[in-house]
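Atoms considered below: every heavy atom in the structure, side chains included; atoms not considered: hydrogens, waters and symmetry mates. In what follows, chains carry the letters A, B, and so on, assigned in the order in which the sequence lines appear, proteins first and then strands, with residues in each chain numbered from 1.
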Number of protein chains: 2
Amino acid sequence: MPMAAHSPATTPNSGTSNLPLVRLELIDVGGRFAQSAGFPRSVGEIYGLLYLSAKPLSAPEIGEALSISKGSVSTGTRQLLALGFIRKVWVQSERKDHFEAVLELGDMLSSAYDRIFKVRAQNAERRLDAVQDSLELSRKEMTPEEHALIQERLERLAKIQKRAKQFLPLIERLIR
Amino acid sequence: MPMAAHSPATTPNSGTSNLPLVRLELIDVGGRFAQSAGFPRSVGEIYGLLYLSAKPLSAPEIGEALSISKGSVSTGTRQLLALGFIRKVWVQSERKDHFEAVLELGDMLSSAYDRIFKVRAQNAERRLDAVQDSLELSRKEMTPEEHALIQERLERLAKIQKRAKQFLPLIERLIR
DNA sequence: TTGTTTGTTCAATATATTTTGAACAAAATA
DNA sequence: TATTTTGTTCAAAATATATTGAACAAACAA
């Protein structure tokens with residue numbers, strides 16, 4: 001369903017931006033994708049805008065097209081730059097920074113995968129180790145039966161984690 | 001770092017629950033995992049509580065152990081039941097429903113994968129089709145050059161999606 | 001140097017999500 | 001039947017997250 005950025009589905013885009021429908025829709029797609037990946041909607045909208053832009057856009061242009069503030073543009077572009085989804089480009093006789101989308105989305109997604117999911121997997125592993133350590137610390141508060149039960153169940157978790165660790169590199173290879 | 005459910009890291013667990021440290025920690029792990037997967041924290045905490053429980057727990061027991069309300073327990077257990085992460089069990093001479101964790105987490109995660117990620121992939125595919133349709137609708141508002149550029153970029157997206165579609169079943173097989 | 005433009009930060013505001021708990025419904029008991 | 005127990009719903013409150021915009025800083029121009 002066609003939808004202008006930030007506007008309810010039924011209302012047409014409010015005035016200034018004047019982008020063709022297809023671009024407004026991809027802005028919305030980007031926003032939704034960002035949300036489902038745990039990023040602010042505006043970050044995805046910025047990428048969606050730049051992805052279908054014929055030329056690099058300045059921060060004020062982005063803000064005007066999406067009706068978002070200077071601050072949000074600054075924060076959003078910083079995040080996208082850090083993830084490698086956009087780059088700064090120099091535009092002749094312009095002092096403002098300009099941004100363009102990195103089009104190699106496949107590569108970008110795999111690098112985002114690296115940064116996000118690998119770190120998460122590592123954290124999860126460390127965390128589970130800590131839980132297993134604290135099982136021994138809690139030993140005195142428990143009956144031997146309870147201790148054995150918890151130990152067995154934590155070992156199940158460790159096995160799942162091991163399995164996950166093994167197939168993650170395979171996914172990486174497939175994504176690249 | 002050890003942490004009682006819902007309490008700041010430095011404060012000990014407030015009174016009634018009296019669970020050993022290791023169980024409090026797994027509750028926290030469950031809560032964080034749920035959050036990273038887009039579920040309410042309390043849903044993960046309920047699973048974490050049940051996962052290390054020697055016996056099935058009633059709704060009031062869950063609420064008391066986690067210091068959450070009747071309503072949250074009801075909502076949380078319903079979600080976990082729908083996902084297949086817990087099951088109801090009948091406990092002799094008890095009228096209350098009792099809940100226990102499904103321990104086959106690997107299986108559960110793959111079925112949750114099915115339900116969530118497959119639907120997302122399908123939605124994304126439909127959505128991109130719609131965007132491509134609207135490119136044709138917007139044709140008159142654009143120069144031929146702009147049209148060609150957008151068409152090319154949308155085709156790139158379609159390719160990425162196709163690739164993603166291909167490797168998703170492989171991941172599934174690995175997870176199972 | 002001063003004045004202007006551009007970009008960032010962050011406290012305040014707005015928005016979205018989760019949790020609560022009172023009101024209700026459903027089921028079991030007496 | 002009436003009474004108690006158990007479970008659900010959903011509007012309101014609490015919490016978490018995103019956005020704004022004024023104040024600040026940094027870069028450049030004159």
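- In this structure, the side chains of B:L109 and B:F85 come closer than 4.5 Å at one or more pairs of heavy atoms.
- Atom CZ in A:R41 sits roughly 13 Å away from atom P in D:dT20 (whole-Å rounding).
- Side-chain proximity of A:S42 to C:dT6, D:dT19, C:dT19: nearest is D:dT19.
- The shortest distance between side-chain heavy atoms of B:S58 and B:E94 does not fall below 4.5 Å.
- The distance from atom CD1 of A:I46 to atom P of D:dT19 is 9 Å, rounded to the nearest whole Å.
- Rounded to an integer number of Å, the gap from A:I68 CD1 to C:dT15 C1' is 15 Å.
- D:dT3 is paired with C:dA28 under the Watson-Crick or G-U wobble criterion, all donor-acceptor distances under 3.5 Å.
- For B:R95, taking side-chain heavy atoms from C-beta onward, the closest of the listed nucleotides C:dA28, C:dG7, C:dT19 is C:dA28.
- The interatomic distance linking A:H98 (NE2) with C:dT5 (P) rounds to 16 Å, in whole Å.
- Look at CD on A:Q35: it is 10 Å from C1' on D:dA18, rounded to the nearest Å.
- If you measure from atom NZ of B:K96 to atom P of C:dT29, you get 13 Å, rounded to the nearest angstrom.
- Residue B:E45 contributes atom CD, which lies 13 Å from atom P of C:dT18 at whole-angstrom precision.
- A salt bridge is absent between B:K55 and B:E100: the closest approach of a Lys/Arg side-chain nitrogen to an acidic carboxylate oxygen does not fall below 4.0 angstrom.
- Regarding B:F39, its CZ atom lies at a distance of 20 Å from the P atom of D:dA16, rounded to whole Å.
- With respect to B:K159 and B:E155, no salt bridge is recorded, no charged nitrogen being found less than 4.0 Å from a carboxylate O.
- Between A:R87 and A:F99, every side-chain heavy-atom pair lies at or beyond the 4.5 Å cut-off.
- Two residues are said to be in side-chain contact when any heavy atoms from C-beta on lie closer than 4.5 Å; B:L157 and A:L26 meet this criterion.
- Of the possible donor and acceptor atoms, none in the side chain of A:S74 sits under 3.5 Å from a partner among the backbone N and O of A:K70.
- Contacts between residues 69-92 of chain A and DNA chain D, defined by a heavy-atom separation under 4.0 Å, are made by A:S69, A:G71, A:S72.
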